[in-house]
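Atoms considered below: every heavy atom in the structure, side chains included; atoms not considered: hydrogens, waters and symmetry mates. To find a chain, count down the sequence lines: A is the first, B the second, and so on, and within it residues start at 1.
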2 protein chains.
Amino acid sequence: MSTTRGARQLTIKEVASHAGVSPMTVSRTLAGGRNVRPDLQERVMAAVRELGYYRNENARSLRPGQPSGLVGVAITNLANPYYGNFALGVEEVAAEHGRRILLGNTGEDDARERQLVSDFIGRQVDGLILVPTSGDAAHLRPERLGDVPLVLASRRVPGLDVDTVLLDDVGGSYRGTISLLDAGHTRIGFLGNRSSVFTGERRYRGYEQAMTERGVPIDPTIVARDQQDVEAASRAARAMLDREDAPTAIFSANNRNTIGALREIGRRIRDGLPGPRPAIVSFDDFELSELMPVPVTVIDHDARLLGREAAILLFSRLDDDSLDPAARTVELPVTVEHP
Amino acid sequence: MSTTRGARQLTIKEVASHAGVSPMTVSRTLAGGRNVRPDLQERVMAAVRELGYYRNENARSLRPGQPSGLVGVAITNLANPYYGNFALGVEEVAAEHGRRILLGNTGEDDARERQLVSDFIGRQVDGLILVPTSGDAAHLRPERLGDVPLVLASRRVPGLDVDTVLLDDVGGSYRGTISLLDAGHTRIGFLGNRSSVFTGERRYRGYEQAMTERGVPIDPTIVARDQQDVEAASRAARAMLDREDAPTAIFSANNRNTIGALREIGRRIRDGLPGPRPAIVSFDDFELSELMPVPVTVIDHDARLLGREAAILLFSRLDDDSLDPAARTVELPVTVEHP
DNA sequence: CTGTTAGCGCATTCAG
DNA sequence: CTGAATGCGCTAACAG
């Protein structure tokens with residue numbers, strides 16, 4: 001019979017008396033059974049099964065030095081498939097290490113990020129993995145975090161020198177832009193995030209490097225760097241393509257801008273509007289890119305791998321005390337895939 | 001100075017002595033400050049800030065009756081944007097209720113689901129939200145879960161009568177199929193999950209109802225119900241479209257099958273293969289559906305809302321003891337969007 | 001190999 | 001309004 005709400009959970013004592021042993025024998029058995037007679041272990045396990053006992057992990061981690069087995073993960077936007085994959089990668093590695101993840105969504109909100117980090121620490125997480133919102137670093141300083149290791153993913157925080165996993169944003173953008181230049185394009189538009197966003201800045205830099213290297217001037221009238229969502233990206237693409245001297249190719253620095261640009265291009269084709277049908281290079285993959293009405297080159301990468309690497313960095317710190325305390329950076333490669 | 005790993009966390013005692021009060025005054029202040037002199041509260045808060053103290057939530061929830069503030073969430077595949085949105089919906093509502101989520105990915109694996117549920121209970125979660133993998137229900141029975149409320153999402157578990165949030169799978173599939181019949185199609189293929197998958201069964205039923213109602217016989221040679229991924233879906237579509245009597249329209253029961261079918265259709269168009277260019281009805285939305293080379297009708301729904309509703313069901317149980325204990329089902333509407 | 005004692009951090013209870 | 005004592009579930013450390 002199920003009792004009313006708030007019924008006390010079973011404790012190790014109940015199991016002990018049911019099995020006719022002391023609580024310590026139960027504890028030892030559950031901890032692996034070292035130094036416990038096999039027949040007693042049997043009895044304990046039987047009692048555990050019959051009663052449906054679950055060990056209270058919170059009580060367990062109360063004693064000092066005991067890890068909680070929890071990792072706090074804060075990402076900016078779970079609705080973005082990119083971060084879903086990222087979270088999956090983290091979860092997989094955490095599971096392999098017997099850890100569980102506490103997940104929070106910051107929505108690019110600094111205050112929310114601070115709240116989450118505080119709460120995670122209050123819950124005694126063994127470590128933190130964070131896709132930081134660009135803001136400041138005060139709440140992430142070691143003296144605030146105590147001895148809880150932190151790994152940053154996707155972005156850095158200015159003035160914070162900790163383990164970080166990044167993509168090769170600059171290199172990927174450079175190579176993608178070069179591929180357009182190689183194809184003979186010289187009017188290449190840019191769609192991306194504002195420069196205060198870490199990846200926004202890096203991806204623009206790759207574009208800039210390629211253009212400069214080939215001696216092609218950057219025309220600021222076909223550079224739009226302030227679109228966070230599909231709607232804004234569509235509008236920016238529209239403004240560019242409505243110009244007399246519209247670009248013949250567009251470099252899009254992320255998935256949201258790519259989708260927006262393609263929506264606008266599709267609209268122009270359906271409506272029979274004149275003007276170029278620009279080739280696209282897209283940082284971030286998306287499904288069915290091969291079915292698009294204009295050729296789309298994709299700068300592809302693996303968000304799940306990024307998550308896995310972040311978790312690996314974290315657990316290397318947790319499991320190896322003798323590790324060099326210097327911050328490490330892992331920069332994952334990206335691939336340029338032609339249509 | 002940061003101390004070595006395993007340094008004891010700050011406790012309420014340190015804060016108390018720093019502020020020159022007793023631990024209880026700190027505790028009361030942190031609990032809202034009822035019955036504490038304002039000036040003492042000031043001193044306590046100052047000490048908390050200076051020392052960077054975080055209350056130990058685990059110790060706090062150790063006392064009986066105290067909620068942990070944690071909700072266990074297990075979903076089948078975080079890499080699927082659908083479940084990313086679902087998780088986001090849950091997280092949002094949980095945050096509104098001051099709760100945090102423990103997230104696990106089951107990968108459609110029964111054993112993993114059982115592990116996750118055990119661990120969640122061991123961590124004293126206040127409730128569980130689960131997208132169940134079809135398997136059996138033994139580990140989800142009330143007697144195993146103690147008094148931890150459970151909400152199922154997207155799917156039911158046979159023989160388990162608990163709060164559940166579903167989509168209107170049958171109705172959506174029915175209306176989608178009807179729209180094809182109304183357009184004059186009579187050879188309508190079906191791509192979907194096997195019938196042991198809850199939604200696979202329901203979505204097929206909607207298709208079947210519409211066909212039967214209109215007196216159009218279902219041809220089993222153009223019904224493929226065993227594709228779990230894009231690759232398999234592509235192959236199934238290919239087999240159908242290679243037939244003499246290929247379908248002129250395809251009902252696809254989920255996103256993975258839709259992408260697979262469209263890949264195959266795109267290939268046939270690029271390669272100039274003969275045969276029909278089938279119209280598609282897709283259960284599940286996807287981006288840029290309007291740019292596809294064949295008309296795509298989308299049966300759209302909101303995964304985030306599904307997550308929100310699941311969380312709302314859960315918190316209504318947690319926050320309202322007088323709630324009718326009978327299991328509730330919420331079935332969310334879907335919309336049929338023509339191209 | 002097994003049991004007893006003690007204490008982790010906090011908040012409820014009861015005294016002042 | 002404040003403080004001291006007590007115990008939540010569990011396990012190291014120490015007996016036996």
Integer-rounded Å distance: [N] [atom2] and [X] [atom1]:
{"X": "A:Asn35", "N": "D:dA12", "atom1": "CG", "atom2": "P", "result": "12 Å"}
{"X": "A:Arg63", "N": "D:dA13", "atom1": "CZ", "atom2": "P", "result": "9 Å"}
{"X": "B:Glu57", "N": "C:dC8", "atom1": "CD", "atom2": "P", "result": "19 Å"}
{"X": "A:Asn58", "N": "D:dG9", "atom1": "CG", "atom2": "C1'", "result": "10 Å"}
{"X": "B:Ile12", "N": "D:dG3", "atom1": "CD1", "atom2": "P", "result": "12 Å"}
{"X": "A:Arg55", "N": "D:dC8", "atom1": "CZ", "atom2": "P", "result": "20 Å"}
{"X": "A:Met24", "N": "D:dA13", "atom1": "CE", "atom2": "P", "result": "11 Å"}

Exercise: do B:Arg63 and B:Gln66 side chains pair donor with acceptor under 3.5 Å: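 No.
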Of the listed nucleotides D:dG9, D:dT11, D:dC1, the one nearest the side chain of B:Arg37: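 Per side-chain heavy atoms of B:Arg37, the pick is D:dC1.
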Touch class at under 4.0 angstrom, heavy-atom based, for B:Asn56 against every strand present: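 Here B:Asn56 touches the backbone only, sparing every base.
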Between [X] and [N], is there a side-chain N or O to OP1/OP2 distance below 4.0 Å?
{"X": "A:Thr11", "N": "D:dG9", "value": "no"}
{"X": "A:Thr25", "N": "C:dG3", "value": "yes"}
{"X": "B:Gln66", "N": "C:dT12", "value": "yes"}
{"X": "A:Arg28", "N": "C:dT2", "value": "no"}
{"X": "B:Tyr54", "N": "C:dC10", "value": "no"}

Pairwise side-chain contact, B:Thr76 with B:Glu113, heavy-atom cut-off 4.5 Å (strictly under):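 In short, these two side chains do not touch, never coming nearer than 4.5 Å.
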Presence of salt bridge, A:Glu92 and A:Arg99, under 4.0 angstrom: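 Salt bridge flag = no for A:Glu92 with A:Arg99.
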